[in-house]
Structure formats: structure tokens, C-alpha cells
Amino acid sequence: MSPAPVIIAIDGRSGAGKTTLAIELAARLREHHKVSLFHLEDIYPGWNGLAAGIERYTSTVLAPLHRGERAEWVSWDWNAHYDGDVRTTQPAEIVLVEGVGAGAEAARPFLAAVIWADSPEQDRRNRALARDGESYEPYWDQWAAQEHEWLSGDDVPARADVRVLNLADGAAPAEVLQALQYLPALSPALLPELAARHGLQLRAERIDAAPDPARLFESLFGRSARAVWLDSSMDAGGNEAAERSRFSILADDGGPFGQSVRHSSGRTHVSVGNASVTTEGPFFRWLDGVWGRRALRGPEGYPCEFTLGWLGYLGYELKRETGGSDVTAGTPDACLLFAGRAVVLDHVERTVWLLTLDTADAGDWLETARAAATRAAGGQTAAAGGSAVGPSASGRAPLDFAARDSEVAYKSKITEAQHQIAEGNTYEVCLTTALTAELPAAALDPWRSYLALRGRNPAPFASYLRFGDLTVASTSPERFLRIAADGGMRAEPIKGTRHRDADPARDALLRHELESSPKDRAENIMIVDLLRNDLSHFAVPGSVSVSRLCAIESYATVHQMVSTIDARLRPGMPRAEAVAACFPAGSMTGAPKVSTMAILDRLEGAPRGVYSGAIGYFSLNGATDLAVAIRTLVRTERAGGSAGLSLGVGGAITADSSPQEEYEEIRTKAFGVLSALGAEFPPG
């Protein structure tokens, strides 16, 4: 008796390309494994024998193979229309079984994974008849009726571990193999394939040029369904945020290694080209499996920490994994894409770095990216110049936002937060609310909206994220957490805000007022203490330090009070767990974090979604740099051609907070985004 094999079923309606997919997948797996292949068409007892064939296959093929024994089964003679000879399928490390019904419910106890292949119906018919000729054509409708009857009671596509749209373009086998590697049940069997992730090679090219990043992004990734622009939209020279504003990263999920992931309420859905896989479990555990180990180093002379990897956002409701309660959001709890190629702009050196994993098409992509960078280095800028782009700018009705909480309701929640402080349940409460709008999807272009936002309110951690029906446009000034490849950690919380004034004297007075405010300093110091504690869980003892306390930074629409906490990650510590230990940002919860998050759930009564989460990257060299998702507009396309907009705003409440001043602060924070859209803060 041999060890029990890993059995993988490839199922799908007739003509979906299962046989070709199985043969190609087997060829790829044979590079590292002994593989056996079984075709269900050899066992169906005739053109009306789907149900009987599934029963035969389960009892005479799967059951013995699952025990590590050879399977002896009776074949079907399609010419004689009767039972044929007895055949044998030997167990192997991996057994692929393919055919209609391979993943049937009766077979599931024996299977490690089920792949469901699909294709457009006309393509399936043409493919099946081209393969089997005239012998199949008279039975197509009869067989299709059996498939329909079977699937009506056995929803294999819904339960499949991996789904793939097989377009017969040769891409499906590689995409499916990548998707299979995310299944925990297959991880031990696919260790050689998983190890290949750490054998990646990087190709890089430096160009001495300073292209307009908006033009470059639109040229390279404007038509990509999923793309990310981590945009340091502030001038990198001569300002207080120069270090944070040095690099911009532009990428999509194209190319052979491109992938995207959405996580919601404990389910992680990964798309690899036309294949997809869904797994159950905590997001940060999933993240630890795909990031945190130094798989790729940067090229010589490359100054940025990003060496390709995952980019996107983590939503606030991931707090369920870090001590918070389980709240369901209307948007995914995380959206990331894996970039196997990207453009990095160095605004200090005025250079462009083109990065790509070494694949067959890497040279072509480098040529395309090089040409796009050269074109974007000359001509008109694509920035919107700060002009409003809302519906009012095009002659339509003004863009009207509604507030989740009226002024009276928000002030009442401030009073309740202060009651919780007086009772000793918390020291500081970062109370938030949201402004929302519904409009026709065509009424507000998300790309033009972001260009207006960055023109009106530049920030060191601005970003534009496009994930199909979900778009995020952020002008965040606040770093949540950076972990460098060498283990250096840094958090830079912001607490304390004043609006800017066009009159220099009044503006200087507002800045001084913030700098000398005991209340704002107290808020900031409480969050500094919280973050020192968060970082200490994974830091080298004694390495946590506060290198800057309550400094003032000035942006286009606000003055902010910022502190800097540094630490060093203990060697060997899981980096995803170090991120989780600090999530969500203490500046967006208050202190102590866990008990205050519970208070916030009761006071706010609604999920925050993307707002208050984090936006940034997880690089293949183990580095991460994440911003707090504030000053962030989220656009979600609805069914029927409409779209929803959401803008979160909030502020820290302490015992001596003035409800009126706190309400004015959220109006100040919303101004930069609303003014760029030609909108106003809703009255009342």
C-alpha cells in the first residue's frame, strides 16, 4: 500500500476544456511530483450515464486511491456501447481526476481540492464537437440536460475551491497552479511550488527623468481594472514631510504574476488572471503566509524599500482580529493586488525605476514602460490644477452629501464619550462619523476627482486605488506604520488639527495656537504612549524611543501635530503579526485601544469600512509602509448604474473637549476633500 495521494478534481460542464487543463496541469506538477491522471469519460456507462458514472467513479476509483491502493475499474466501450476492459489507475503523490462530476458531493470526502472550469456556452459546444466530431453532436442536448439536472441538486461551482474561466488561450494551467498554492490543504504537497516563490529574479532599469506621475499612470495603467498609485503628491524638497514624500509607486496586477485579493469577514478571495480561490481564516494569518520573508532584494543603488509585492488597503473592520468586535462592513475588509511589475518615482533624485519580475514578457514591458516614462516627462501636466470636478462643475446639480449624524447627534455622542471617560472606561475616544452621497455613476469620474483632490490638498501619503467597482482616493498626511527591510519600525501619529488661513499673520497665529494647546498635546501624548506599547510587543527590548514629540506640520488646508515613535523589530518575528499588533491605528481609536473600540462600536453604530484602516504596500523584501486612511473618499459602484460616495471624518474626544470645537474640527478635516469636489459640508 502506498501513502494516500493528494487527489484534485477538475470539474465543469462538457466542453469547458477540462481535459486540456488537466493534461497541462499534470505536466507542470510532474516537474516536482509523481502524478497520475484519470478521465471520467472512460467510465461513464453511455450517453445517459452521468449519474451512474459518478457513482462508479466514486466507489471504484476514488475510494481505493484515497486508501493508497490501486484502483481497478471497468471502462466503457463507446463504439460497442457496452462495458469494456478492466483498467488500473495507480496511486501517486498527486492524482488529477477530470470530467463532468469529478467534484460531485459524493466524491468530496476523498478530494483535497475541486477546480471548476467554465467557458461561454457556445465556446463549450464548439470545443466539444471539434474534439469528438459527429459522434457527440446527436447527444449534446441529452448530455447537457443531465448536467443541468445534476447541478440543480449538487452545486459544485459554489463549493469549488478554485474557479477558472478557461478561454483556451493557454493561461489557465499556470493561473490554476498559482491559485492552488493558497489552499492550506495542499500546502504540504505543493512545497516545491511554494518554494519557487522565493526563487524570483528581479529586473530593474533606472531612467534619469521626472515624468508627470498622473500622465504616466494613465498611460500605463489607465485601462487596468485593478491598479494602485501610492502618490507622494507633496513637493519632496524643502518641507517637513520630505522623507515621507520622496517616492511614488505605480502598479497594476498585470503580467504572469499579477494577482488580486479581497477579504471579507474571514473569507479571502484571490484572483489569478481568470482563476480564483477562496479560503477561510483570519486575514493577518493569510498575509503572513504570502509576505514577511525576504524573497527579493532591491537592485544596487536603489533607494526605495518597495521591491514589488502587495499594494492596497486594510479596512478598519479587521479589528475583529486584533481585539475588536466582529462588525460587517459594506466594503471588503481588505483589497490588495500583487504587482509583479511597477514604476517607482524618486522625487528627490528625479529618477524613474522600472521594476519587473523576470518573466518571458519582461523585456517587452520594460520597453513599453520606458517609452511611457519618456513621453510623460514632457508636455502638459495631467493634474487638475485644484479645480473642482463635482457635478456642479459640469453644469449639473451640486453634489449633495448627507451626514450620518446631525450636529446635535454628534455633539450628544461627544457628551456620551466624555461620560465614558469620567467613568474611567477610557481616556480618549476618537469619535467618527461619515458623509455620504448617492449619484449616477457617470456623474463623477473617480480619476478626475482624484486629480482634483491631489491638486487641492497634496499630501505625502496620497493614494489612488482602483479595484473594479471600488475606488479609493486618499490625501492622507499620516503614516500608520513603517517596517523597513532591516527591521526598523516607525509610527507617526497625528493628533491635533487647525485649519489654514489665507492671511499669513492669522495662519501663523493658528499654528502657534495648535503648538501651545495643552489639550492637543495631551491627546497626542496619549496616542504616543499607546503606540509605544503596540510597538513593544514585537520590538527589541529597549529599542522603542520617541524621536519627535508634538511637532507641527503644515499642509495645504490644515496644520497638524505629529509625533514619531521608532523601534526595532526582533529578529525572526512574524511581520504580519507585528502589523496586526498595531492595527488599527491608535490615533483612530483612542486609548486604551480594545475597550475604546467597544465604546466606539456602540456610539457610532455603523462600520467605518476603508476609513480609519491603512493604505500602502507589503514588499517582497519584507518591508511595509502604511498610511492611515484619513481624508479618504470611497466610491462604490452599485447595480443599475448608480454609485455611492463615503467620506469619514472624526476627532479625538478627551475630558476637556468642547463639543462645538470638536464639531468644527470635523468640518475642517472634511474641507480639503469636499472643496475639491465642489461640495459643502451638509447643514444641520
Side-chain angles (χ1 to χ4, degrees), residues 7-27 35-66 69-92 95-107 110-111 114-154 156-157 164 166 168 172-173:
I7 306 176
I8 302 172
I10 302 175
D11 206 339
R13 295 176 179 86
S14 187
K18 301 180 297 299
T19 302
T20 302
L21 174 59
I23 292 170
E24 292 293 331
L25 188 58
V35 180
S36 183
L37 186 57
F38 174 80
H39 304 282
L40 266 73
E41 67 177 22
D42 294 334
I43 206 171
Y44 302 128
W47 291 109
N48 63 347
L50 176 57
I54 292 172
E55 184 178 345
R56 280 190 179 192
Y57 145 75
T58 302
S59 60
T60 65
V61 178
L62 287 184
L65 287 176
H66 187 258
E69 302 170 357
R70 67 181 184 178
E72 293 187 349
W73 47 276
V74 178
S75 67
W76 181 257
D77 189 328
W78 289 93
N79 292 318
H81 301 284
Y82 202 73
D83 284 343
D85 56 351
V86 175
R87 299 183 186 177
T88 300
T89 299
Q90 297 289 346
V95 176
L96 298 180
V97 292
E98 72 82 16
V100 181
E105 185 175 3
F110 306 108
L111 302 173
V114 173
I115 301 164
W116 178 265
D118 211 347
S119 291
E121 182 174 357
Q122 190 57 45
D123 289 352
R124 290 192 296 103
R125 180 185 176 93
N126 293 341
R127 189 181 296 158
L129 297 184
R131 183 191 65 197
D132 293 327
E134 297 178 359
S135 63
Y136 192 0
E137 189 167 11
Y139 302 100
W140 173 265
D141 291 335
Q142 178 183 344
W143 188 263
Q146 290 178 86
E147 291 178 350
H148 178 75
E149 181 180 358
W150 162 58
L151 289 171
S152 65
D154 187 357
V156 177
V164 60
N166 191 358

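Heads up: numbering here begins at 1 and tracks the sequence. Given the structure is predicted, the values throughout are model-derived calculations rather than measurements. Keep in mind that the numbers below use all heavy atoms, side chains included, and drop hydrogens, waters and symmetry copies.
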Under the side-chain contact (heavy atoms from CB on, under 4.5 Å) rule, what do Leu96 and Ser36 come out as? Steps first, then yes or no, please. CA-CA 6 Å; Leu96 298 180; Ser36 183; over 6 Å; no
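- Aromatic pair Tyr57/Trp73: centroids not less than 6.0 angstrom apart.
- Residue Glu121 qualifies as open at atom CD: its count of foreign heavy atoms under 6.0 Å is 12 or below.
- Ring orientation note: the planes of Trp47 and Tyr139 are close to parallel, at an angle under 30° on the 30°/60° scale.
- Using modelled atom types, no side-chain atom of Trp76 and backbone atom of Gly53 make a donor-acceptor pair closer than 3.5 Å.
- Of the possible donor and acceptor atoms, one in the side chain of Gln146 sits under 3.5 Å from a partner among the backbone N and O of Leu50.
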- Message: Show, in sequence, the C-alpha distance, side-chain angles and deciding distance for Trp143 and Glu147, and conclude whether the side chain to side chain donor-acceptor pair (under 3.5 Å) test is met.
- Response: CA-CA 6 Å; Trp143 188 263; Glu147 291 178 350; 3.0 Å; yes
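- Every salt bridge (Lys or Arg N to Asp or Glu O under 4.0 Å) that Arg70 has, sequence neighbours left out, goes to Glu72.
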Point to revise | Intermediate values then yes/no, side-chain contact (heavy atoms from CB on, under 4.5 Å), Leu40 and Glu98 | key: CA-CA 6 Å; Leu40 266 73; Glu98 72 82 16; over 6 Å; no
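- Within a 6.0 Å radius of CD in Glu149, other residues, nucleotides and ligands contribute 12 heavy atoms or fewer.
- A distance of 4.5 Å separates CG in Asp83 from CZ in Arg56, rounded to the nearest 0.5 Å.
- Taking each heavy atom of Ala63 and Ser59 in turn, the nearest pair found is CB-O, 3.5 Å.
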Exercise for the section: Step by step, work out the side-chain contact (heavy atoms from CB on, under 4.5 Å) result for Val61 and Phe38. Expected result: CA-CA 9 Å; Val61 178; Phe38 174 80; 3.7 Å; yes
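- Between Ile23 and the options Leu21, Thr19, Leu25, a side-chain contact (heavy atoms from CB on, under 4.5 Å) holds for only Thr19.
- In this structure a side-chain-to-backbone donor-acceptor pair under 3.5 Å is present from Asp154 to Glu105.
- Interatomic distance, NE2 of His66 versus OG1 of Thr58, reported as 12.5 Å (0.5 Å rounding).
- Considering only heavy atoms from C-beta on, Thr60 stays 4.5 Å or farther from Val74 through its side chain.
- Contact annotation: the side chain of Leu151 approaches that of Pro157 to within less than 4.5 Å [non-hydrogen atoms, C-beta and beyond].
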*Tell me, with the steps shown, if Ile7 and Val97 meet side-chain contact (heavy atoms from CB on, under 4.5 Å).*
CA-CA 7 Å; Ile7 306 176; Val97 292; 4.2 Å; yes
Go through the steps to decide whether Ser75 and Asp42 satisfy the test side chain to side chain donor-acceptor pair (under 3.5 Å), and finish with yes or no. CA-CA 5 Å; Ser75 67; Asp42 294 334; over 6 Å; no
Taking distance alone, no hydrogens or angles, what donor-acceptor pairs closer than 3.5 Å link side-chain atoms of residues 8-18 to residues at least two apart or in another chain?
from  : atom 1 : to     : atom 2 : distance (Å)
Asp11 : OD1    : Gly101 : N      : 2.9
Asp11 : OD2    : Gly101 : N      : 3.4
Asp11 : OD2    : Ala102 : N      : 3.3
Asp11 : OD2    : Gly103 : N      : 2.8
Ser14 : OG     : Tyr136 : OH     : 2.7
Lys18 : NZ     : Gly12  : O      : 3.2
Lys18 : NZ     : Arg13  : O      : 3.0

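- Taken to the nearest 0.5 Å, the CG atom of Asp85 stands 8.0 Å off from the CG atom of Asp77.
- Using a 4.5 Å heavy-atom threshold, the side chains of Trp116 and Val156 count as touching.
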